[in-house]
Amino acid sequence: MPELPEVETVMRGLSAVLEGRTIRAASVARPDLRWPFPAGLAERLAGARVGGFRRRGKYMLMRLSGGDSVLIHLGMSGRMVAQPMDAPPRDAPVPHEHMALETTDGVRVGFVDPRRFGCVDLVPTAAEDGHRLLAGLGPEPLEPGFTPSVLAAALRGRRTPLKAALLDQKVVAGLGNIYVSEALFRARLSPLRAASSVTGADAERLVPAIRAVLAESIEAGGSSLRDYVHADGGIGFFQERFKVYDREGLPCDECPGPPGCPGIQRVVQAGRASFHCPRLQR
DNA sequence: CATTAGCCCTGAGAGC
DNA sequence: TGCTCTCAGGGCTAAT
């Protein structure tokens, strides 16, 4: 589900209610999600003070006093639900809530993930980037190290379609199916192109397009389609600004007319839907 | 090494 | 209304 802007937004929401607070208690409701929960997770959380948060690609890291960081991935359907503990009591357990913690100042945060594609792990804070799930990630698209030449180098020699290459977290960290389509539209590049053909001026357009679409989405609170909500239950609004994603057959609003846009096309690449304007994107 | 297919799950929506 | 089918924002692993 969540791509970089959604993870960033959730993380900011968690930071607001957890940073500097002390965890009074934690509970784990099942042994595993994608992988087993780390041994002693609830015990390691209990009593710890929450330091800062950090995002790496689609992963969140919550630093604890004591030297551990909690690594969280929301998978496709994961959400973090923060509520005051004096909220009206529920008459039934929250469905698919697999983990929860409570702070000493009365906030309860649950990790809810129906599809269970998410994961939670512990990693020493001093060695976060060495974790097996983070070690291979490509550059952060919103940081200065993500430059046209870095991107072109990552795409060099790859005969796979550009769309599939940008979904590869080793090329750039944090893009998913929505934002790849949207960034390619902004850069006027076809998702069908060979990745290796993106050099020079194409890469010079693609990097700022990726940056802009991610930054604008964060600004809008992310995109709320099926499952995604903020930690406080609020929703994002960037879906209202999609130019191509899930708009098959509709005209794009940037083709010059008349006659205007021939219609946004949906194609399946590597098992995932891609959306593009065949006239503007080459 | 690069690339693809299969798979892990549940739920929402479409079509009948 | 209720059934069945398809698809969904991800990413690992095994096979090619």
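In this text the structure is predicted, and so the values were computed from the model without any measurement. All chains are named by letter (A, B, ...) in the order of the sequence lines, taking the proteins before the strands, and each is independently numbered beginning at 1.
- For A:R115 and C:dG10, a side-chain-to-base donor-acceptor distance below 3.5 Å is absent, hydrogens and geometry of angles not being considered.
- As a whole-Å value, the separation of A:Q239 CD from C:dA8 P is 17 Å.
- At a cut-off of 3.5 Å, with distance as the only test, a side-chain donor of A:S223 or A:Y179 sits close to an acceptor on the other residue.
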Q) In dot-bracket notation, what is the pairing pattern of DNA chain C, taking Watson-Crick (N1-N3 plus N6-O4 or O6-N4) and G-U wobble (N1-O2 and O6-N3) contacts under 3.5 Å, with [ ] crossing and | for other strands? A) .|||||||.|||||||

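- Considering only the side chain of A:K58, C:dG11 comes nearest among C:dG11, B:dT10, C:dC7.
- Ion pair A:R186/A:E182 not flagged as a salt bridge, since none of the NZ, NE, NH1 or NH2 atoms sits closer than 4.0 Å to an Asp/Glu carboxylate oxygen.
- The pair A:E3-A:K58 fails the salt-bridge criterion, with no side-chain N (NZ, NE, NH1 or NH2) lying under 4.0 Å from an Asp/Glu carboxylate O.
- The side chain of A:R159 has B:dT3 as its nearest neighbour among B:dT3, C:dT13, B:dG11.
- In this structure, A:L133 atom CG and C:dG10 atom P are separated by 16 Å, rounded to whole Å.
- Comparing C:dG10, C:dC12, B:dT3 by their closest approach to the side chain of A:T160 singles out B:dT3.
- The pair A:R116-A:D32 fails the salt-bridge criterion, with no side-chain N (NZ, NE, NH1 or NH2) lying under 4.0 Å from an Asp/Glu carboxylate O.
- Distance CZ (A:R116) to C1' (B:dC8): 9 Å, rounded to an integer number of Å.
- Straight-line distance from the CG atom of A:D168 to the C1' atom of B:dT4: 13 Å, rounded to whole Å.
- Looking at heavy-atom distances under 4.0 Å, A:Y179 makes no contact with the nucleic acid at all.
- Residue A:A270 is classed as having no contact, given no heavy-atom separation below 4.0 Å to the nucleic acid.
- Along DNA chain C, the nucleotide nearest A:Y59 and the nucleotide nearest A:L225 are compared for position; the residue whose nucleotide lies closer to the 5' end is A:L225.
- Taking the P atom of each, C:dA14 and B:dC9 are spaced 16 Å apart, rounded to whole Å.
- Here A:S77 does not reach the OP1 or OP2 of B:dC9: none of its side-chain N or O atoms lies under 4.0 Å away.
- Looking only at distances, no side-chain donor or acceptor of A:R247 sits under 3.5 Å from a matching main-chain atom of A:G263.
- Using a cut-off of 4.0 Å between Lys/Arg side-chain N and Asp/Glu carboxylate O, A:D113 and A:R79 are scored as not salt-bridged.
- When distances are taken from the side chain of A:H73 to each of C:dC7, B:dT10, C:dG10, the shortest belongs to C:dG10.
- For A:Y228 and B:dG11, the OH to P distance is 21 Å, given to the nearest whole Å.
- Atom CZ in A:R272 sits about 8 Å away from atom P in C:dG11, given to the nearest Å.
- Ion pairing between A:R63 and A:E128 holds under the 4.0 Å rule for side-chain N and carboxylate O.
- Protein atom CD of A:Q269 is 17 Å distant from nucleotide atom C1' of C:dG10, rounded to whole Å.
- Nearest to the side-chain atoms of A:Q169 among the listed nucleotides C:dC12, C:dG11, B:dT3 stands C:dG11.
- Applying the side-chain hydrogen bond (donor to acceptor under 3.5 Å, both in side chains) test to every pair with at least one member in residues 259-273 of chain A, sequence neighbours left out, gives these pairs: A:Q269-A:S274.
- If you check C:dG10, C:dA8, B:dT10 against the side chain of A:R266, the one that comes closest is C:dA8.
- Side chain of A:F117, nearest nucleotide from B:dC9, B:dT10, C:dT13: B:dC9.
- When the P atom of C:dA8 is taken as reference, atom CG of A:D246 falls 8 Å away, rounded to whole Å.
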